[in-house]
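Notes for the one structure printed next.
This chain uses plain numbering: 1 for the first residue, then up along the sequence.
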Amino acid sequence: PPTAPSALTLTPGSDSFGVGTVGTATDRVTNVTKPTITGLGEVGSTICVYDNGIVQTQSVPVGPDGSWVWSPTSSLVEGNHNLTATAIDLAGNSSAASTTLLVSIDTNVAAPTISLASGSASTADSTPTIAIAGESGSLTSLSVDGSFVSSAILANGSVSIDVRNPLTVGQHSASALLVDTAGNTSSTGVLTFAIVASTMPTCAMTQVAQSSKGQVTGSVAANQANCVTLVATGASLTVDTCLTTAGTDTWIEEIGRAHV
């Protein structure tokens, strides 16, 4: 019998990929539904090609240089295709099957899901973090109010992007799309969110005698991410740690003679 066909390869022109994604021209993930496959075989023999064990053709000739080329006449469906080949010589003898070439057909990518990283529909943060989820390995491009913000790869199916320029109080719209590893572009995902005015915490303060050192204590409402500034006769003191923990936060600041 003839030697089994070898070196089955998806040609670079048939191996599409998204620029800027983790896709490459050799990953065999493609949106080309009639890809070109090449291989080597015994000169004078005829190649039979199988897709997932089903015969696709029995009439691919091996050229004088021992190479052959095949493309399907009908589009391959979405998903994985295990391509193999056998050779038939002039006497009608059939070879063993070649090594399998796995080709994945990928012709679409879903729109990404967009949300504020905080999980709410509004925030007092004028430069919020926006979370984008979608097909792993894809490249996303984020815009806010029609202005481009940044691009990033969804390495594990998600990514968070910080808005760089402060947004005004009011409604805003974020939009993002994906380019996947096969080079498909998604429809646009959209998020409407609001920037709200931040509210200052109310602080209860104890009076300090003018002639002695003392402490000023107070509390702020839960989740008020603000630092407390103390002012005494024109001098300004800032508490070392911003107050961000859940529940009521208590602060204490030492005040010396220089500040009273």
Side-chain angles (χ1 to χ4, degrees), residues 1-112 134-141 151-159 177-187:
T3 303
S6 62
L8 272 67
T9 304
L10 177 66
T11 61
S14 292
D15 199 341
S16 65
F17 67 97
V19 176
T21 71
V22 298
T24 68
T26 57
D27 61 7
R28 302 187 304 280
V29 179
T30 180
N31 59 20
V32 178
T33 58
K34 294 182 179 180
T36 298
I37 308 299
T38 61
L40 300 176
E42 188 173 300
V43 175
S45 64
T46 299
I47 300 297
C48 301
V49 178
Y50 302 81
D51 177 12
N52 294 330
I54 300 174
V55 176
Q56 301 298 302
T57 181
Q58 293 178 306
S59 58
V60 180
V62 177
D65 61 352
S67 66
W68 55 269
V69 180
W70 172 79
S71 293
T73 55
S74 299
S75 296
L76 299 182
V77 298
E78 187 92 359
N80 292 335
H81 295 264
N82 295 285
L83 302 175
T84 56
T86 59
I88 300 175
D89 63 16
L90 295 177
N93 301 305
S94 182
S95 74
S98 68
T99 301
T100 299
L101 173 69
L102 174 62
V103 175
S104 296
I105 302 298
D106 180 2
T107 59
N108 61 79
V109 57
E135 187 175 310
S136 183
S138 297
L139 176 72
T140 186
S141 296
S151 294
I153 290 179
L154 279 64
N156 296 303
S158 64
V159 71
L177 53 76
L178 299 180
V179 177
D180 71 6
T181 57
N184 303 300
T185 300
S186 74
S187 56

Beyond-backbone contact of Val179 with Phe17, side-chain heavy atoms, under 4.5 angstrom: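 They are not in side-chain contact.
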query: Are any of the side-chain heavy atoms of Ile153 and Val159 separated by less than 4.5 Å?
result: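 Answer no - side chains too far apart.
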For [X], which residues count as a side chain to side chain contact (heavy atoms under 4.5 Å, CB included) partner, sequence neighbours excluded?
X      : result
Ser136 : none
Ser151 : Leu139, Ser141, Phe148
Thr26  : Thr24
Val69  : Thr36, Thr38

Taking all non-hydrogen atoms of both residues into account, name the closest pair between [X] and [Y] and its distance.
X      : Y      : value
Ser95  : Pro2   : CB-O, 3.1 Å
Asp106 : Asn184 : O-ND2, 2.8 Å
Leu10  : Pro35  : CD1-CB, 3.4 Å
Ser74  : Lys34  : C-CE, 4.0 Å
Ala96  : Ala4   : O-CB, 3.3 Å
Pro112 : Ser187 : CD-O, 3.9 Å

Output side-chain donor-acceptor pairs under 3.5 Å for residues 39-48, partner residues at least two apart or in another chain, one line each.
{"unit_1": "Glu42", "atom_1": "OE1", "unit_2": "Thr3", "atom_2": "N", "d": "3.1"}
{"unit_1": "Ser45", "atom_1": "OG", "unit_2": "Glu42", "atom_2": "O", "d": "2.5"}

field: Thr30 and Ser16: side chain donor to acceptor below 3.5 Å
entry: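 Yes.
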- request: Scan side-chain atoms only and decide if Asp65 and Ser67 contain a donor-acceptor pair under the 3.5 Å cut-off.
  value: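 Short answer, yes.
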Side chain to side chain donor-acceptor pair (under 3.5 Å) partners of [X], counting only residues at least two apart:
X      : value
Ser14  : Thr11
Asp27  : none
Thr21  : none
Asn108 : none

Is a donor on one side and an acceptor on the other found under 3.5 Å between the side chain of [X] and the backbone of [Y]?
X      : Y      : answer
Thr140 : Leu177 : yes
Ser186 : Leu178 : yes
Asp51  : His81  : no
Glu135 : Ala110 : no
Asn82  : Asn52  : no

